[in-house]
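Presented below is the structure to which this report refers.
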Amino acid sequence: MTDLLVFAALVLLVSMVPVYGTAVLIRSPTPGPLLGALTVCVALALLELSLDRVSGHWGWLVGALFGAVAFSLLFGTRTWRGIILATVLCLTYQWATSEYLNGASLTTTFKQQINKARSEVWPD
């Protein structure tokens, strides 16, 4: 369980680097680190929610669109720049989950670990 929480914190930190790098490259206004971390958290939460609720590749599209809205509102940038930033975040998230969680989302992995811990504490 601790490993998953450490992984979630590392995803946040690692995902901020490409997002800020892309924001600088496309000349998007970049907020301070706290608002930037909050924006990435909101975009990642919306991506997780859309991957959990929408099946197939549509979940990625819905998550990217919600992330684009979050970036354009909280970064104070145009919508097309928000779409680019959300796409970079989705690609980073997809790489991290395929590399470290065998393609499963954080929510799925978290639920599996909770069920495993529950079965160890209260066996049937």
Side-chain angles (χ1 to χ4, degrees):
M1 186 66 86
T2 306
D3 297 338
L4 188 63
L5 293 175
V6 168
F7 177 75
L10 287 176
V11 163
L12 174 65
L13 291 176
V14 168
S15 62
M16 285 188 66
V17 173
V19 166
Y20 265 86
T22 305
V24 169
L25 284 176
I26 63 173
R27 296 183 180 162
S28 174
T30 52
L34 187 60
L35 186 59
L38 177 69
T39 306
V40 170
C41 282
V42 167
L44 282 173
L46 290 170
L47 179 62
E48 272 293 321
L49 185 65
S50 66
L51 289 175
D52 190 39
R53 301 290 179 198
V54 181
S55 62
H57 296 292
W58 290 106
W60 288 102
L61 180 64
V62 170
L65 291 176
F66 281 144
V69 170
F71 279 117
S72 71
L73 289 177
L74 293 173
F75 268 36
T77 186
R78 296 185 185 268
T79 306
W80 67 270
R81 289 180 175 156
I83 291 171
I84 292 172
L85 293 172
T87 302
V88 168
L89 183 67
C90 286
L91 292 174
T92 304
Y93 180 84
Q94 186 177 21
W95 171 81
T97 54
S98 67
E99 186 72 25
Y100 297 108
L101 297 179
N102 297 325
S105 68
L106 283 172
T107 306
T108 305
T109 306
F110 187 65
K111 287 178 183 176
Q112 289 172 353
Q113 287 190 353
I114 286 176
N115 289 334
K116 181 181 172 185
R118 186 180 300 145
S119 67
E120 288 177 0
V121 173
W122 297 296
D124 290 332

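The residues of the chain are indexed from 1 along the displayed sequence. All of these numbers come straight from a predicted model, not from anything done at the bench.
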>> Walk me through whether H57 and V62 qualify under side-chain contact (heavy atoms from CB on, under 4.5 Å).
In response: CA-CA 9 Å; H57 296 292; V62 170; over 6 Å; no

>> Set out, in order, the CA-CA distance, both residues' side-chain angles and the distance that settles side-chain contact (heavy atoms from CB on, under 4.5 Å) for V42 and F66, then state yes or no.
In response: CA-CA 9 Å; V42 167; F66 281 144; over 6 Å; no

>> Show, in sequence, the C-alpha distance, side-chain angles and deciding distance for N115 and R118, and conclude whether the side-chain contact (heavy atoms from CB on, under 4.5 Å) test is met.
In response: CA-CA 5 Å; N115 289 334; R118 186 180 300 145; 3.4 Å; yes

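Remark: side-chain polar atoms of R78 are not paired, donor with acceptor, to backbone N or O of S72 under 3.5 angstrom. Under a 3.5 Å cut-off, the side chain of S28 and the backbone N or O of A23 do not form any donor-acceptor pair.
Residues F75 and L46 do not share a hydrophobic cluster, defined by chaining ILVMFWY side chains whose heavy atoms lie under 4.5 Å apart. Hydrophobic clustering, with ILVMFWY side chains joined whenever heavy atoms are under 4.5 angstrom apart, keeps V40 apart from L65. Taken together through direct or relayed side-chain contacts under 4.5 Å among Ile, Leu, Val, Met, Phe, Trp and Tyr, L44 and L85 form part of one hydrophobic cluster. Linking ILVMFWY residues whenever their side-chain heavy atoms come closer than 4.5 Å, directly or via other members, places L61 and V54 in the same cluster. Both L89 and W95 are part of a single hydrophobic cluster, where members link through side-chain heavy atoms under 4.5 Å apart.
Closest non-hydrogen pair, G67 versus A43, comes out as CA-CB, 4.1 Å. Nearest heavy-atom pair across T77 and G82 is CG2-N, 4.1 Å. Nearest heavy atom pair, residue G63 against residue L47, reads CA-CD1, 3.8 Å. Heavy atoms only, all atoms of each residue included: I26 and R81 are closest at O-NE, 3.3 Å. Taking all atoms of both residues into account, the shortest heavy-atom contact from T92 to P18 is OG1-CG, 3.6 Å. The two residues L74 and L35 make their nearest non-hydrogen contact at O-CD2, 3.6 Å.
Y20 is linked by a ring pair (Phe, Tyr, Trp, His ring centres under 6.0 Å) to nothing, counting only residues two or more places apart in sequence or in another chain. Under the side-chain contact (heavy atoms from CB on, under 4.5 Å) criterion, L49 pairs with R53, not counting sequence neighbours. Residues meeting the side-chain hydrogen bond (donor to acceptor under 3.5 Å, both in side chains) test with N102, sequence neighbours left out: none.
Of the inter-residue distances, the one linking L51 atom CG with Q94 atom CD reads 9.0 Å to the nearest 0.5 angstrom. A distance of 13.0 Å separates CH2 of W58 from OG of S50, quoted to the nearest 0.5 Å.
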